[in-house]
Amino acid sequence: MSVAKEYLKEERSQEWRNELRKSLKSKERLEFKRIKMNEVAPLERIRSYIEVNSGLTEIEAMAEARRCIDCPDPTCITGCPVEINIPKFIKKIEVGDFLDAAKVLKETSTLPAVCGRVCPQEKQCEDRCFYQQKLGREAVAIGYLERFAADYERESGHISVPDVEERKGIKVASIGSGPAGLAFAGDMAKMGYDVTVFEALHEIGGVLKYGIPEFRLPNEIVDIEVDGLRKMGVKFETDFIVGKTATIDDLRADGFKAFFVGSGAGLPRFMNIPGENYIGILSSNEYLTRVNLMHAAQHEYDTPLLEGKVVAVIGGGNTAMDSVRTAKRLGADRAMIIYRRSIEEMPARVEEIKHAKEEGIEFLNLNTPVEYFADEKGRVNRMKVQKMRLGEPDASGRRRPIPIEGSEYFIDVDTVVVSVGVSPNPLIPAALPELEVTRWGTIVVNEDTMQTSIPDLFAGGDIVRGGATVILAMGDGRQAAAGMNKYIQETVMNKV
Amino acid sequence: MNKIVEKEYFSDNVVKIVVEAPRIAKSRKAGHFVIIRVEEKGERIPLTIATSDEDRGTITLVVQTVGVTSSKLAALEVGDVILDVVGPLGQATHIENEGTILACGGGVGVAPLLPIVEAFKKAGNRVITVLAARSKDLIILEDQMKQYSDEVVIMTDDGSYGKKGLVTEGMEMVINREKVDLSVVIGPAIMMKFAALTTKKYDIPTMASLNTIMVDGTGMCGACRVTVGGKTRFVCIDGPEFDAHQVDFDEMLLRLNGYKEQEKKAYEEYLATVKK
């Protein structure tokens, strides 16, 4: 998918954009320094669940927006999986039309306030920014500005609802209400389809709710974006597991013409090392679900939680960072990351690693657990760790970690959170034996249309990718919506 | 949705609840379970479906009050709504004509055993059922079991009903008397452990339906993991039934107690508020 160049050109040549570009020379724009995100101080934030980043002020946002030189060929957009018209929304901020800026975001993004918080912009739009690419300087803070515009709109109370086309009277379903499903639902609703989103859990939002903690993405933000979809006519059914509560065939009989599977990478991986099933050793999914979805840390909620004093989190991704920073907030005296590669190879966002370090998280890089030990009640109390060194690059391009013989040592722990990745959720593939899957269990799709081997079934997000990001899942959802629309036009509507 | 239409106490702390859940009633099979959440601040717990009535659109759950959630559930009355009921979950029981089935249920494990007994009977098996409990008032669903069993053997620890003795003694009585082709055991983990040891002695294939701690019930969290044949499996999606001779019941017993202290404290606090 690529945004029509003519459309971008036309937008750019509008009078207000021309005027704005002329108002300040590019040379002058280049002299401004990138804004710093306002943050709650580490010692304050680790005592609560308050959001770490507190956003930009209007003045800060307008100042940052001036840095964007409104390139004739905005390469930043090519780095955005949902192809937000980035220069347009930034220029709207520069002139102070914040509500309009938010509308630009919503043209292509279902969840701008979410993306402004959790997208790895430094690897996407900002990485393709003129400043970064041509000048080797800090990119325009596109992510901060996105968040600013989305937050401004929400806080203003003037939340716009994207226009939806005339109702087609055609029912389609999303299986899963995570970022892929929500992005899919938003685009299909805009095109006039009657969309129902089925969710297995009791809350809408998938990983945005059960996975990403409040200090990085408050649940309220997700709820408000979901409300926007409701206003566009999207229906939500919680406690509904497609393939179990009802089969795809049942839903076909109920009139659904096509399905999007965005059921996520639900199955946590373990390392299969001795002692891994002791009490106090749990997956990051379980740990975060208890805290985020079930509110286990709040006394008035019934779900229990093991509040560890010495917590080791195994892994180096964003989920590992979320887990270890959660442990700190829940009162751990010692919260540490144990990761088999060096800090440079960690897949977590740079910002998350920085925040974690500020909060006093210990990083035991080039270390890996090899065995766990427990007390008489079965509660983990010690782990054996082996040191690693880096060898030649592997298939991922990162240097391969190699165990150092005889380097094993022990660490006392009372809680271990295993965050070494996830496998695709097997529920949908198991319910559809004819569905083509890879040997890893991910669903095979046509990369242009996201169509699976079953013609009326499309898929995207982690169930296809095996473990990626919110924004890539959203990009898949949008692409699947385009693919499904074409499929329906060609098949269902032609028959009518 | 999820409205309670019928409630019956089997004993002081065992209650049968019939709840409206038409979709689940239609799609559930023997061996399936649901996850419920009683109210907004409640936890998610798994409960195996005892029976269902597709025409009425209801499923039947049997609950023993052992902690906060089961007590909150048992406190609901006819007309009240269970906030969340999701399912059916897990793999359905593999039902075939095996010959003679020895079905053993302990405590409230008898409830999930009922649909399995029914299904095996309907598949043409000879079914002998052993129901075990501490005392007479804890023996449940005896009449329903009789309907689908060729024989029902009752065992009580105190001898207040049926024969005095443990479930394993009832099992051995049957095994020593006739050829058993398959055994199914459902009950407290400790009972399943000894039932499995018993059938292993006689080399009788045995399956156990495990009742571990769960959060989501869809494979997402891994709280329910057990070791079966040396491999870690998830009860929610790989189970709940496994080859009982391969299950590491000692590990499962430890893991079931993983939140014991928190649960005990929460239950005491709950009981204190109820008494007021």
Side-chain angles (χ1 to χ4, degrees), chain A residues 199-203 206-207 210-211 238-241 243-247 250 263-270 272 276-290 293-296 298-307 374 376-379 418 422-427 430, chain B residues 1-2 21 23-24 26-28 32 34-45 67-69 72 83-91 213 215-223 225-227 231-232 234 237-238 248 250-255 257-263 265-266 269-270:
Chain A
E199 167 58 49
L201 292 170
H202 57 263
E203 289 242 15
V207 71
Y210 74 75
T238 52
D239 294 335
F240 197 115
I241 304 175
K244 292 274 187 190
T245 310
T247 62
D250 293 335
S263 52
L267 212 61
R269 279 196 210 128
F270 288 90
N272 298 313
E276 207 174 19
N277 288 345
Y278 283 133
I279 298 163
I281 304 177
L282 63 176
S283 73
S284 49
N285 269 3
E286 181 182 350
Y287 188 64
L288 293 172
T289 299
R290 283 180 186 273
L293 181 75
M294 305 310 297
H295 309 282
Q298 287 162 257
H299 187 254
E300 65 272 29
Y301 285 80
D302 293 340
T303 301
L305 186 70
L306 298 171
E307 282 166 11
E376 71 285 354
K377 286 181 178 164
R379 174 81 185 250
V418 182
V422 282
S423 301
N425 193 303
L427 282 173
Chain B
M1 283 280 273
N2 307 345
R23 290 263 194 197
I24 301 172
K26 184 165 173 259
S27 45
R28 75 102 203 175
H32 278 146
V34 291
I35 293 266
I36 65 115
R37 189 172 68 131
V38 177
E39 39 102 15
E40 199 56 45
K41 293 188 166 112
E43 64 179 324
R44 296 169 64 99
I45 60 158
V68 174
T69 302
K72 281 184 177 175
L83 183 59
D84 298 288
V85 178
V86 59
L89 292 160
Q91 305 290 333
I213 293 171
V215 184
D216 65 290
T218 63
M220 203 183 78
C221 80
R225 63 196 196 275
V226 288
T227 301
K231 282 203 179 103
T232 294
F234 286 11
I237 50 166
D238 300 323
D248 183 342
D250 293 328
E251 178 190 273
M252 182 182 155
L253 278 159
L254 278 179
R255 288 185 60 81
N257 286 333
Y259 294 90
K260 196 95 186 164
E261 280 168 41
Q262 288 94 329
E263 285 162 356
K265 194 164 158 258
E269 285 173 19
Y270 171 79

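Heavy atoms only: backbone and side chains are in, while hydrogens, waters and symmetry mates are out. Proteins get letters first, then strands, A, B, ... in listed order; numbering begins at 1 in each. Note that the coordinates shown come from a computational prediction; the quantities given were computed from them, not determined experimentally.
Side-chain atoms of B:Gln262 come within 3.5 Å of backbone atoms of A:Leu305 as a donor-acceptor pair (strictly under, hydrogens ignored). Remark: the backbone N or O of A:Asn277 is paired with a side-chain donor or acceptor of B:Arg255 at under 3.5 angstrom.
Rounded to the nearest 0.5 angstrom, A:Glu203 CD and B:Asp84 CG are separated by 9.0 Å. We find the OG1-CG distance between B:Thr69 and A:Asp302 to be 5.0 Å, quoted to the nearest 0.5 Å. The CG atom of A:Asp239 sits 7.5 Å away from the CE atom of B:Met1 when rounded to the nearest 0.5 Å. One distance of note links OH of A:Tyr301 with CD of B:Glu43; it measures 14.0 Å at 0.5 Å rounding.
The parts of B:Ala223 that come within reach of chain A are both its backbone and its side chain, each placing non-hydrogen atoms under 4.5 angstrom from that chain. With a 4.5 Å cut-off on non-hydrogen atoms, B:Tyr270 does not touch chain A at all. Of the two parts of B:Val85, only the backbone, made up of N, CA, C and O, holds a non-hydrogen atom closer than 4.5 Å to a non-hydrogen atom of chain A. With a threshold of 4.5 angstrom between heavy atoms, A:Arg379 does not approach chain B through any atom at all. In this structure, no portion of B:Arg28 lies under 4.5 Å from any heavy atom of chain A. Only the side chain of B:Ile213 comes within less than 4.5 Å of a heavy atom of chain A; its backbone N, CA, C and O stay farther away. Contacts of B:Lys26 with chain A are made by side-chain atoms alone, with heavy-atom separations under 4.5 Å and no backbone atom involved.
A heavy-atom distance below 4.5 Å is not found between the side chains of B:Lys260 and A:Lys377. Side-chain contact between B:Val86 and A:Lys244 is absent, with no heavy-atom pair separated by less than 4.5 Å. Side-chain contact check for A:His202 versus B:Leu83: every heavy-atom pair is 4.5 Å or farther apart. A:Leu267 places a side-chain heavy atom less than 4.5 Å from the side chain of B:Ile237. With a 4.5 Å cut-off on side-chain heavy atoms, B:Arg37 and A:Met294 count as touching. Taking 4.5 Å as the limit, every side-chain heavy atom of B:Asp216 sits out of range of all side-chain heavy atoms of A:Thr289.
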Exercise for review: Go through the steps for B:Arg23 and A:Asp250 under the test salt bridge (charged side-chain N to carboxylate O under 4.0 Å, His left out), then give the verdict.
Suggested key: CA-CA 10 Å; B:Arg23 290 263 194 197; A:Asp250 293 335; 5.4 Å; no
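In terms of heavy-atom pairs under 4.5 angstrom with chain B, the leader among A:Pro304, A:Ala296, A:Gly378, A:Gly264 is A:Pro304. Chain A forms more heavy-atom pairs under 4.5 Å with one residue of B:Lys41, B:Glu269, B:His32 than with any other, namely B:Lys41. Ranked by heavy-atom pairs shorter than 4.5 Å toward chain A, the options B:Glu263, B:Lys231, B:Lys265, B:Lys72 are led by B:Lys72. Here B:Ser27 is the residue among B:Ala266, B:Gly67, B:Gly217, B:Ser27 with the most heavy-atom pairs under 4.5 Å with chain A.
Residues B:Thr218 and A:Leu427 come closest through the heavy atom pair CB-CD1, 3.8 Å. Shortest non-hydrogen contact noted between B:Gly222 and A:Pro268 is N-CG, 4.1 Å.
Cation-pi geometry between B:Arg44 and A:Tyr210 is not satisfied (NZ or CZ under 6.0 Å from the ring centre, within 45° of the ring normal).
Around the CD atom of A:Gln298, the shell of radius 6.0 Å holds more than 12 heavy atoms that belong to other residues, nucleotides or ligands.
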